[in-house]
2 protein chains.
Amino acid sequence: MVTIKDVAKHAGVAFKTVARVVNNDPTVKPENREKVLRSVEALGYRPNRAAQMTRRKKSGVIGFIADELLRIPYTFDLIRGAQEMAWKHNRELMVLNINEHKYSLEAAVDHLFQHRAEGIIYASMYHRQVSLPDSLTQIPTVLANCYTSCGRFATVVPDEELAGEQIVGSMLDKGYRRIAFLNLDERIIAAQGRKAGAIRAFEKRGESLQNLHIESVIVEQDGQLISRARLAACEVIKQFKPDAILCGQDPMAMEIYFVLQSLGLKVGEDIGIGSFDNWDLIPELLQPSLTTMALPHYEMGRWAFNYLLDERTDVVASKLPFRLISRGSL
Amino acid sequence: MVTIKDVAKHAGVAFKTVARVVNNDPTVKPENREKVLRSVEALGYRPNRAAQMTRRKKSGVIGFIADELLRIPYTFDLIRGAQEMAWKHNRELMVLNINEHKYSLEAAVDHLFQHRAEGIIYASMYHRQVSLPDSLTQIPTVLANCYTSCGRFATVVPDEELAGEQIVGSMLDKGYRRIAFLNLDERIIAAQGRKAGAIRAFEKRGESLQNLHIESVIVEQDGQLISRARLAACEVIKQFKPDAILCGQDPMAMEIYFVLQSLGLKVGEDIGIGSFDNWDLIPELLQPSLTTMALPHYEMGRWAFNYLLDERTDVVASKLPFRLISRGSL
DNA sequence: CTACCAAAAGACAACGTTGCCCCTAACTTA
DNA sequence: TAAGTTAGGGGCAACGTTGTCTTTTGGTAG
């Protein structure tokens, strides 16, 4: 590859002058600058990043460890949010996928240490508690979409409780009175927060909690998610007679649409449906399209990157709001 | 950070000896090796990758340019296939997302040149023709899930025609006789290949093409995809009276399930449904679950990486087979 | 004891940059 | 005219490794 010295020879200046031009040092005569730039162009010179890194003692590398326990499509937005910030600030986002079986967290961290990463974003693919090796305390680290019990790291997570309150509140505001909330497994932090938020929405408006039915219909057993959403929906419609159903996630809403169609109920007319996630194409594919609370993945990615960029050291626990995406189902 | 010289001082040897131990050079006395390893452990030394790169004149970097025109969830498998190979062979996969608006291809390529990437994988998020800058000819490049008109690059794409033939063949073998294929826009290469494959399956078995109805029901207009799948399904069922419907993609199959339910037809009993993609959760969420041809994204990622790893220079156009995933709908 | 040899380990330059220091020439000021 | 200032640019070391060459060590044969 062509080096800075090749350019210098071609332009007839000292190689240091080329370095100055490349790094936009103003103390170069316009005439020489021109000459150098022409040579750079002619030879196709590009600075060698590895050499820059060794000399500058700055790697410009931010590590992104993606813990892909579950493969949920839209979580890619988390990476994208971080990556776009990295690009804008001329940093390298080094993305490492880990999973339980083949690619371990320890190996990923070691890798990032070798690259002298200046910070690490650890992102979980769903909102949950994780445990991390001690070595991560040696380097600025942010957790996105997850948290530890030790509380030593800055974290950014979705504000589940606010989301529950917002969507239930918006349902009440639209005139729905009896709401059945078919929740996820309550061992999941998201389910807990949303439940609390739903209740708060009722309480704030002075509505009777008699009109709110909450039930977990997706349960984890032996690492498998088991959905009894269809059955539960039939029962709850018969027994509780809701005028709206709130689903714990969009795929569940899709199942509910099938149930309602089989019962001859029209979504958006006979019964309202709301949901969480904004999962890929599902909300738009359903007819009528699904009103849902979009998870702030992109925003968490950006937040995490900016935290590192600003060289913050405060151990905050930031909660970002969901976005209510109103469509035809509510 | 701790350097090789720090370790040398701690262990009481020359820094070159430490280098030898770290690089598994056998010409070190076991006794000294032990000492050095203890010091490495004690100080937490990790080789500086940037310095290694400058000296070795090998970057070990493979670039991955992800052209995310459409955001399709499972395409992440393409990245994963490449990344797992990279990890295994101790290379760096540098993933760069580009999109029309903000992050240009030229910038991404420049970035990779600066890192002295030893190869580039250019992956499109759906199977289509792309046009690439000339600068990519300077560096080994593979196209995954796309191709150019110039034909200067090695490519790996899904074998659309074989996929069409396989699934239609398997439908015929199961006894379905009249098949309606609700295809994607025929300007899409995938739609063309699958159509040809479907016809070939009929011809190979000597079945009359009278029993095969093919129609494009998802059309691109002004960059927008417009689906008239629901309407078309109603019509085709009334007019053509198929005993099985093949859908151009899983989201379309989901729409068809709604149509069939509203018509009182039971999928898998009254009518068979097949599809293409294995799109995220959709096939498993439908009841009965959907038989579909899974795109070989993971395999294309691996293939592309291995092509570069083997330092091949032949301009091949490799076609990888889909995987038929049989579920309850056929 | 000397000569020789192989194993082991040290010395030093090199990779392509940037940081620091210094030199030169031209210009300004007294 | 002499001294001081400043813009512009060159020289050289340094970053943390690895490659090449040389030296040291210890053992063995003559």
Side-chain angles (χ1 to χ4, degrees), chain A residues 1-40 43-61 90 92 110-118, chain B residues 1-40 43-61 90 92 110-118:
Chain A
M1 279 302 275
V2 30
T3 76
I4 213 168
K5 293 186 181 174
D6 298 326
V7 178
K9 201 173 291 174
H10 186 272
V13 295
F15 75 98
K16 189 68 240 244
T17 303
V18 178
R20 275 193 255 264
V21 171
V22 172
N23 291 290
N24 286 316
D25 188 319
T27 72
V28 179
K29 266 196 297 189
E31 178 200 330
N32 275 344
R33 175 179 303 277
E34 273 307 308
K35 262 201 301 190
V36 169
L37 286 177
R38 268 200 303 276
S39 297
V40 165
L43 301 179
Y45 167 74
R46 328 218 186 197
N48 182 323
R49 294 288 278 252
Q52 286 183 328
M53 286 177 187
T54 49
R55 184 67 249 254
R56 283 183 178 155
K57 313 262 290 172
K58 289 222 172 188
S59 69
V61 170
N90 203 29
E92 209 57 55
D110 186 70
H111 199 88
L112 291 173
F113 269 111
Q114 293 197 8
H115 281 275
R116 301 297 185 263
E118 288 158 9
Chain B
M1 279 301 278
V2 29
T3 75
I4 213 168
K5 294 187 181 175
D6 298 326
V7 178
K9 202 174 291 173
H10 187 273
V13 295
F15 74 97
K16 188 67 240 240
T17 303
V18 177
R20 275 192 255 264
V21 171
V22 171
N23 291 290
N24 285 316
D25 187 319
T27 72
V28 180
K29 265 197 297 188
E31 177 199 329
N32 275 343
R33 175 180 303 278
E34 273 306 307
K35 265 202 299 192
V36 169
L37 287 176
R38 269 200 303 273
S39 298
V40 165
L43 301 178
Y45 167 73
R46 327 215 186 201
N48 182 325
R49 293 289 277 251
Q52 286 183 328
M53 286 177 188
T54 48
R55 186 65 247 256
R56 284 183 178 155
K57 314 262 290 172
K58 289 224 172 186
S59 68
V61 170
N90 203 29
E92 210 55 56
D110 187 71
H111 199 89
L112 292 173
F113 270 111
Q114 293 197 8
H115 281 276
R116 301 295 186 265
E118 288 158 9

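Each chain gets a letter, A, B and so on, in the order the sequences are listed, and its residues count up from 1.
What you find for B/Ala50 and A/Thr54 is that their closest heavy atoms are C-CG2, 3.5 Å. The heavy-atom pair separating A/Ala8 from A/Ala14 by the smallest distance is CB-C, 3.9 Å. Residues A/Glu118 and A/Gly60 approach most closely at OE2-N, 2.9 Å, considering heavy atoms. Taking both residues in full, the closest heavy atoms of A/Tyr45 and A/Val2 are given as CD1-O, 3.4 Å, listed atom of the first, atom of the second, then distance.
Here the P atom of nucleotide C/dT17 and the CG atom of B/Asn48 are 16 Å apart, to the nearest Å. The distance from atom CE of A/Met1 to atom C1' of C/dT17 is 14 Å, rounded to the nearest whole Å. Taking atom CD1 of A/Ile4 as the reference point, atom C1' of C/dT18 lies 9 Å away to the nearest angstrom. Here the P atom of nucleotide C/dG10 and the NZ atom of B/Lys5 are 14 Å apart, to the nearest Å.
Not counting sequence neighbours, the partners of B/His111 by the side-chain contact (heavy atoms from CB on, under 4.5 Å) test are A/Arg49, A/Glu92, B/Met94, B/Leu96, B/His115. In this structure B/Arg116 satisfies the side-chain contact (heavy atoms from CB on, under 4.5 Å) test together with A/Met1, A/Arg46, A/Asn48, B/Ser59, sequence neighbours excluded. Looking at residues two or more places apart in sequence or on another chain, you find a side-chain contact (heavy atoms from CB on, under 4.5 Å) between B/Lys29 and B/Glu31, B/Asn32.
Within the 4.0 angstrom heavy-atom criterion, base atoms lie near A/Ala51.
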Output side-chain donor-acceptor pairs under 3.5 Å for residues 18-28 of chain A, partner residues at least two apart or in another chain, one line each.
{"residue": "A/Asn23", "atom": "OD1", "partner": "A/Arg56", "partner atom": "NH2", "Å": "3.3"}
{"residue": "A/Asn23", "atom": "ND2", "partner": "A/Ala19", "partner atom": "O", "Å": "2.8"}
{"residue": "A/Asp25", "atom": "OD1", "partner": "A/Thr27", "partner atom": "N", "Å": "2.9"}
{"residue": "A/Asp25", "atom": "OD1", "partner": "A/Thr27", "partner atom": "OG1", "Å": "3.0"}

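Residue A/Lys5 holds its NZ atom at 9.5 Å from NZ of A/Lys9, rounded to the nearest 0.5 Å. To the nearest 0.5 Å, the span separating CD1 on A/Ile4 from CG on A/Leu43 amounts to 12.5 Å.
Contacts between residues 29-39 of chain A and DNA chain D, defined by a heavy-atom separation under 4.0 Å, are made by A/Lys29, A/Asn32.
When the local axes at the two ends of the helix from C/dC1-D/dG30 to C/dA30-D/dT1 are compared, using 5 base pairs at each end, they differ in direction by 60° after rounding to 10°.
Nucleotides of DNA chain D lying under 4.0 Å from heavy atoms of chain B occupy a range whose first and last members, 5' to 3', are D/dG16 to D/dT20.
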Could you pull out the protein-nucleic contacts involving nucleotides 19-24 of chain C (nitrogen or oxygen on both sides, under 3.5 Å)?
{"residue": "C/dG19", "atom": "N7", "partner": "A/Lys16", "partner atom": "NZ", "Å": "3.0"}

